[in-house]
Amino acid sequence: MAQNIYDQPEFFEGYSQLSRSLHGLDGAAEWESIKAVLPALSGKRVVDLGCGFGWFARYAAGQGARSVLGFDISERMIDRAKRETVDSTVRYEIADLETLELPPASFDLAYSSLAFHYIEDFSRLAATIHSALVSGGDFVFTIEHPIYMAPANPGWTADREGRRIWPLDGYSREGKRTTDWLAKGVVKYHRTLGTTLNTLIANGFSIRHVEEWRPGDEQLRDHPEWAEEMDRPMFLLIAVQR
């Protein structure tokens with residue numbers, strides 16, 4: 001079973017104060033890059049894996065999706081998503097993505113934002129998603145970049161000249177990472193970039209876009225504090241097709 005860190009009061013309170021929690025998709029720095037690789041959503045059947053507060057589910061419905069089904073392990077997340085959603089085309093269910101079962105050929109798009117790095121058995125989940133998509137269906141997701149996830153103690157240091165240095169110990173040692181972020185003892189699972197891509201290929205997906213996200217010039221003008229994202233990638237965006 002995946003760790004349900006989001007239902008811990010300390011973590012949930014901290015997460016609720018993040019820009020992406022307060023402002024939705026527009027508060028997510030990587031949203032414009034995601035939107036650029038999404039297929040047209042009108043008439044599509046969408047599954048949102050790790051739907052959180054339901055921001056993307058509501059967006060998809062607003063773009064004309066025929067149906068949207070959102071899953072999250074967190075009761076607190078699902079409760080808020082239901083309270084903030086009035087569109088009858090959107091449904092939410094509590095589910096553990098580690099053991100999730102989906103009916104075959106039931107969706108045109110599978111989407112996930114920053115959830116799969118909490119999943120230990122990514123291969124099983126990829127196979128489940130592949131089976132659940134129709135032929136030609138799309139799968140778009142983001143995760144924490146493996147360079148961001150790999151260190152045992154993630155955090156910037158500085159060299160003697162004051163330049164930012166990101167530690168990269170243990171990159172090729174895949175598996176469990178326990179870090180303190182918003183709360184103590186957050187469990188994630190590090191996989192190399194190659195492992196993630198090859199897992200998708202092995203499960204029958206065709207890769208159509210891979211982006212190691214960085215802020216654009218306009219974003220840097222508006223958010224100069226994001227300059228550190230130019231020194232190491234924080235997010236990985238992948239779009240594949242069945």
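Quick caveat: nothing in here was measured; it's all calculated off a predicted structure.
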Would you please test Asp79 and Met77 for side-chain contact (heavy atoms from CB on, under 4.5 Å) and show each step? CA-CA 5 Å; Asp79 179 64; Met77 293 284 192; over 6 Å; no
Just do the side-chain contact (heavy atoms from CB on, under 4.5 Å) check on Tyr171 and Leu193 with the steps written out, would you? CA-CA 10 Å; Tyr171 182 83; Leu193 177 59; 3.8 Å; yes
Could you give me the CA-CA distance, side-chain angles and deciding distance for Val140 and Ile238, then say whether side-chain contact (heavy atoms from CB on, under 4.5 Å) is met? CA-CA 6 Å; Val140 177; Ile238 298 176; over 6 Å; no
Begin with the C-alpha distance, continue with both residues' side-chain angles, and end with the deciding distance and a verdict on side-chain hydrogen bond (donor to acceptor under 3.5 Å, both in side chains) for Thr142 and Glu30. CA-CA 9 Å; Thr142 58; Glu30 72 280 12; 4.7 Å; no
Criterion side-chain contact (heavy atoms from CB on, under 4.5 Å) on Leu237 and Val210, from CA distance to verdict: CA-CA 6 Å; Leu237 165 61; Val210 176; over 6 Å; no
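In this structure, the side chain of Asn203 engages the main chain of Thr199 through a donor-acceptor pair within 3.5 Å. Checked by atom type and distance alone, the side chain of Trp166 never pairs as donor or acceptor with a backbone atom of Pro151 at under 3.5 Å. For the pair His190 (side chain) and Lys176 (backbone), a donor-acceptor distance under 3.5 Å is absent. Between the side chain of Glu144 and the main chain of Met149, no donor-acceptor pair closer than 3.5 Å is present. At least one donor-acceptor pair under 3.5 Å links the side chain of Ser106 to the backbone N or O of Pro104. Remark: side-chain polar atoms of Asp72 are paired, donor with acceptor, to backbone N or O of Gly52 under 3.5 angstrom. The backbone N or O of Met230 sits nowhere less than 3.5 Å from a side-chain atom of Arg214 that would complete a donor-acceptor pair.
In this structure, the side chains of Phe139 and Leu200 come closer than 4.5 Å at one or more pairs of heavy atoms. Side chains of Pro39 and Leu109 form a contact here, defined as non-hydrogen atoms less than 4.5 Å apart. A heavy-atom distance below 4.5 Å is not found between the side chains of Tyr118 and Val187. Using a 4.5 Å cut-off on side-chain heavy atoms (C-beta onward), Leu102 and Phe107 make contact. Under the 4.5 Å side-chain criterion, counting only non-hydrogen atoms from C-beta, Tyr92 is in contact with Cys51. With a 4.5 Å cut-off on side-chain heavy atoms, Tyr189 and Arg191 count as touching. Within the 4.5 Å cutoff, the side chain of Leu236 has no heavy atoms near those of the Ile147 side chain. In this structure, the side chains of Val240 and Arg208 stay at 4.5 Å or more apart for every pair of heavy atoms.
In this structure, Tyr111 has its ring center under 6.0 Å from that of Phe56. Between Trp31 and Tyr59, the gap from one ring centroid to the other is short of 6.0 Å.
Heavy-atom contacts from other residues, nucleotides or ligands closer than 6.0 Å to CZ of Arg164 number more than 12. The neighbour count for Arg232 CZ, taken as heavy atoms of other residues, nucleotides or ligands under 6.0 Å away, is above 12. Environment of CG in Asn153: sparse, with no more than 12 heavy atoms of neighbouring residues, nucleotides or ligands closer than 6.0 Å. Heavy-atom neighbours of Arg173 CZ from other residues, nucleotides or ligands within 6.0 Å: at or below the threshold of 12.
Remark: the Gln63 side chain and the Ser42 side chain contain no N/O donor-acceptor pair separated by less than 3.5 Å. In summary, the side chains of Arg58 and Thr85 do present a donor paired with an acceptor at a separation below 3.5 Å, with no hydrogens or angles considered. Judged by distance alone, the side chains of Glu211 and Ser33 do bring a donor and an acceptor atom under 3.5 Å apart. For the 3.5 Å distance criterion, the side chains of Asp87 and Thr89 qualify, holding a donor opposite an acceptor.
Residues meeting the ring-ring contact (aromatic ring centres under 6.0 Å, His included) test with His145, sequence neighbours left out: none.
The shortest non-hydrogen separation linking Val68 to Ala61 is CG2-N, 4.1 Å. Summarising the geometry of Pro215 relative to Glu229, their closest heavy-atom pair is CD-CB, 3.7 Å, with the distance given to 0.1 Å. Between Gly136 and Gln241, the shortest heavy-atom contact is O-NE2, 3.1 Å. Minimum interatomic distance between Gly70 and Ile78 (heavy atoms only, all atoms of both residues): O-CD1, 4.4 Å. Minimum interatomic distance between Leu49 and Ser112 (heavy atoms only, all atoms of both residues): O-OG, 2.7 Å. For the residue pair Gly50 and Ala115, the shortest heavy atom distance occurs at CA-CB, 4.2 Å.
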Could you pull out every donor-acceptor pair under 3.5 Å between side chains of residues 123-130 and any protein atom, sequence neighbours left out?
from, atom 1, to, atom 2, distance (Å)
Arg124, NH1, Glu98, O, 3.4
Arg124, NH1, Leu100, O, 3.1
Arg124, NH2, Thr99, O, 3.4
Arg124, NH2, Leu100, O, 3.2
Arg124, NH2, Glu101, OE2, 3.0
Thr128, OG1, Arg124, O, 3.0
His130, NE2, Gly204, O, 3.4

Quiz: residues 216-224 side-chain donor-acceptor pairs under 3.5 angstrom, not counting sequence neighbours:
from, atom 1, to, atom 2, distance (Å)
Gln219, OE1, Gly216, N, 3.0
Gln219, NE2, Ala29, O, 3.0
His223, ND1, Glu225, OE2, 3.2

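In the hydrophobic cluster analysis, where Ile, Leu, Val, Met, Phe, Trp and Tyr join through side-chain heavy atoms closer than 4.5 angstrom, Met234 is grouped apart from Ile165. A continuous path of hydrophobic side-chain contacts links Leu197 to Leu133 [ILVMFWY only; heavy atoms under 4.5 Å]. Follow the hydrophobic side-chain contacts under 4.5 Å out from Val134 and you never reach Val47; the two are in separate clusters.
Separating the CZ atom in Arg242 from the CG atom in Asp108 is a distance of 12.0 Å, to the nearest 0.5 Å. A distance of 4.5 Å separates CD1 of Ile94 from CD of Glu75, quoted to the nearest 0.5 Å. Atom CD1 in Ile34 sits 10.0 Å away from atom NE2 in His209 (nearest 0.5 Å). Here CG of Leu69 is found 9.0 Å from CG of Asp48. Values are rounded to the nearest 0.5 Å. Expressed to the nearest 0.5 Å, how far CG of Asp138 lies from CZ of Phe205 amounts to 10.0 Å. Rounded to the nearest 0.5 angstrom, His117 NE2 and Ile119 CD1 are separated by 9.5 Å.
Using a cutoff of 4.0 Å between basic side-chain nitrogens and carboxylate oxygens, Glu93 and Arg91 are scored as salt-bridged. A salt bridge does not link Arg163 with Asp231: every distance from a Lys NZ or Arg NE/NH1/NH2 to an Asp or Glu carboxylate oxygen is 4.0 Å or more.
Cation-pi geometry between Arg80 and Phe53 is met: the NZ or CZ atom falls under 6.0 Å from the ring centre, inside 45° of the normal.
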